[in-house]
Amino acid sequence: MAATNRLARETSPYLRQHAGNPVDWHPWGEEALAEARRRDVPLFLSIGYSACHWCHVMAHESFESEQVAALLNDRFVAVKVDREERPDVDSVYMDAVQAMTGSGGWPLSVFTLPDGRPFFGGTYFPPTARHGMPSFSQVLDSVSEAWRTRREELAEQAGELTAAVSSRLAPPPAAGGIPPAAELLEGALARVRQLYDPEHGGIGRAPKFPQAPTFELVAHAAWAEALGGPRAAGPAGSDVSAETSAAAGALPSALEMLTSTLEAMASGGVYDHLAGGFARYSVDRAWQVPHFEKMLYDQAMLAPLYLHGWQLTGDERWRQVVTETLDYACSTMRHLSGGFYSSEDADAGGEEGRFSTWTPSELEDVLGAARAARAAAWYGITRAGNFEHGRSIPHVERGRLIRPPEIEQCRVDLEAARRQRVRPAIDDKILTEWNAMLCSALAQCGAACQVERWVDAAAEGADLLLERLRRPDGRLLRSWQPGGQAAHLAVAADYAWLVDCLTRLGEATGSGRYLEEAQRAALALIELFSAEDGGWYTTGSDAEQLVGRPRETYDGVTPAAGSVAATALARLGALTADERLSERALESVAAAGEGLVASPAAFPRLVEAALL
């Protein structure tokens, strides 16, 4: 078995999970590249994260295999990368695999020359060939044979792929001029209406992600409707359902799309009805069957979205979701130091969803027959089940989020019993970006709902970032392992979210200290990450050189760093009357160029910046 000390001391729990593999893993870095050059062999990069179900599957099937390990150790230098700690590395090689195959995902499996230039890659490879996919051992044999007999061809392919990555990372074409923000908002809303699911809310079919940045923009449009701005259907606040509007041939209003989506997500199994908080996505269209891992960033993005739903409508259901989501994050995902963990796993005891699902007999064991029958009816727990092995994922009928006292007591008792089960693993690394994101949400929601404990938690979390994840010279770092050291240079998203968080804390507390720290972080963001065209690089000017210098373009499940930077700088510039920050925010919007003009729905957070 390989020595374990290369990964055993890493800050990433994901890397440490592989410290005992027979694969002779290296962390990403110059040492691994130098070893590949010395041995004259390719690198094999395996990129994933702790809460990734299929990463665990491939690890169990292949990386724990002595036979597979022998192939890897003999013919490659094997490198493990935590995509959450190194989003820069992940971005470059994800672009390469997408350019090669047209798709991507995790685990990401990439083969590179000793200088790091990729020549082949994919995602999950099974232990035996099936469904048209080769086995992982077959892939290793084929790549090794090509390296031995067709190396010039691989080098040529690496050059082509590297050029493709560079072209994907190039700045967008400049636009002749950015339209007024109201036009961008209407253009984005028109596209959302095309993709909107009128039956189940949300965007598209399955799998279905919450898409919080998109629906934040829908909330902005709903606010504009309420103020008498442009709208495509019915009065804002109309109680006509999206289904009714669609059936009548009318387009749903922004408020209808927002509230229908909020209700569908919070009623479905993607929401944890016992402890609060959202799973990463739903595998079905109706939000019933989640991919059970809970990511810190989802709680951070969805709590403000539900807050804004409550502010728009006064509907107490949305405030309840805010409360339960943030209280879940502050209890289950919070370290004693004040920082917040990255994720909670999908698996428990080696079985996906085991922790979160129930059978009627398990309800009876906790509640007794009579109460169990009522709880089963409320939460949809049946003998047939709606998940694997006859188990049921708790969900509720729409309109039943507010629980009557008897059901609330059942919920309390079931949640207490569930805490005695084998828990999913927690990825306890503390990331600057995601912590700042959650602290921003806590500050916003705490101020709006007048919940002091949330503002206090935000302040404690921000203070931790400034104390533990900032070097004496002021340079932010990306990741901190409780009880250990901070590591890895912070990327643009870390800085941008920290500016946003500190600005929100300044608003919530009235403390000038947080605004001063926000300005300090903002100036560092501008100095380290500004691109020549007014956009933003992912990595700082002081970071290691990869095969390309990555930059995010579009907003996804979380907004791109440049979009966060634009909104954060606009807000801070307005609060502090600092025109430098306001002008830099405007440059960020303009830098999106033709892409923003043609497809504003792909830049929802940047459209928010334009509105600011």
Side-chain angles (χ1 to χ4, degrees), residues 87-92 94-96 98-99 162-181 183-185 187-188 213 217 433 476 489-500 521-556 558-574 578-612:
D88 51 342
V89 175
D90 175 64
S91 174
V92 166
M94 181 64 75
D95 276 348
Q98 288 176 333
T162 301
V165 170
S166 297
S167 68
R168 291 166 76 100
L169 299 177
I178 302 297
E183 289 185 24
L184 293 174
L185 178 61
L217 196 62
E433 175 190 358
L476 279 180
L489 293 179
V491 296
D494 296 303
Y495 275 86
W497 275 110
L498 185 63
V499 174
D500 187 82
L523 295 176
L525 168 69
I526 293 168
E527 179 182 354
L528 289 167
F529 300 97
S530 288
E532 298 78 7
D533 64 335
W536 304 88
Y537 290 112
T538 298
T539 53
S541 55
D542 57 346
E544 69 173 294
Q545 288 190 341
L546 303 173
V547 295
R549 190 175 181 187
R551 54 189 291 165
E552 298 172 85
T553 303
Y554 304 106
D555 295 335
T558 59
S563 299
V564 180
T567 52
L569 293 175
R571 193 172 193 90
L572 180 60
D578 190 332
E579 291 186 3
R580 296 172 300 171
L581 305 184
S582 302
E583 290 171 1
R584 188 65 185 87
L586 287 170
E587 290 173 5
S588 301
V589 175
E594 288 183 2
L596 176 61
V597 177
S599 303
F603 303 82
R605 183 82 176 207
L606 204 59
V607 176
E608 279 193 59
L611 292 167
L612 282 175

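All values below come from the heavy atoms of this structure, side chains included, with hydrogens, waters and symmetry mates left out.
For the atom pair CD1 (Ile178) and CG (Leu596), the distance works out to 5.0 Å, reported to the nearest 0.5 Å. For the atom pair Asp88 CG and Leu489 CG, the distance stands at 9.0 Å (nearest 0.5 Å). The CG atom of Leu546 sits 11.5 Å away from atom OG1 of Thr162, with the distance rounded to the nearest 0.5 Å. Taking CG from Asp494 and CG from Leu525, the interatomic distance works out to 10.5 Å, rounded to the nearest 0.5 Å. For the atom pair OG1 of Thr553 and CG of Leu606, the computed distance is 11.0 Å after rounding to the nearest 0.5 Å. In this structure, Leu528 CG and Leu476 CG are separated by 9.0 Å, a value rounded to the nearest 0.5 Å.
Side-chain contact between Arg549 and Leu169 is absent, with no heavy atoms from C-beta onward closer than 4.5 Å. The side-chain heavy atoms of Pro87 and Met94, taken from C-beta on, include no pair separated by under 4.5 Å.
When all heavy atoms of Gly535 and Ala591 are compared, the closest pair comes out as N-CB, 3.4 Å. Of all heavy-atom pairs spanning Trp497 and Pro559, the tightest one is CZ2-CG, 3.9 Å. Residue Ala492 comes nearest to Phe529 through the heavy atom pair N-CE2, 3.4 Å, listed as atom of the first residue, atom of the second, then distance. Heavy-atom minimum distance, Ala521 versus Leu498: CB-CD2, 4.3 Å. Nearest heavy atom pair, residue Pro213 against residue Pro604, reads O-CB, 3.4 Å. For the pair Leu184 and Ala610, the tightest heavy-atom approach, listed with the atom from each and the gap, is CD1-CB, 4.1 Å.
Residues passing the side chain to side chain contact (heavy atoms under 4.5 Å, CB included) test with Tyr554 are Ala602, Phe603, sequence neighbours excluded. Annotation: side chain to side chain contact (heavy atoms under 4.5 Å, CB included) contacts of Ala531 (sequence neighbours excluded): Asp533, Tyr537, Arg551. Not counting sequence neighbours, the partners of Ser588 by the side chain to side chain contact (heavy atoms under 4.5 Å, CB included) test are Trp536, Ala566, Arg584.
A salt bridge is absent between Arg605 and Asp555: the closest approach of a Lys/Arg side-chain nitrogen to an acidic carboxylate oxygen does not fall below 4.0 angstrom.
Side-chain atoms of Glu594 do not come within 3.5 Å of backbone N or O of Pro173 as any donor-acceptor pair.
Around atom CD of Glu527, no more than 12 heavy atoms belonging to other residues, nucleotides or ligands sit under 6.0 Å away.
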Full working for side chain to side chain contact (heavy atoms under 4.5 Å, CB included) between Leu611 and Leu217: CA-CA 10 Å; Leu611 292 167; Leu217 196 62; 4.3 Å; yes

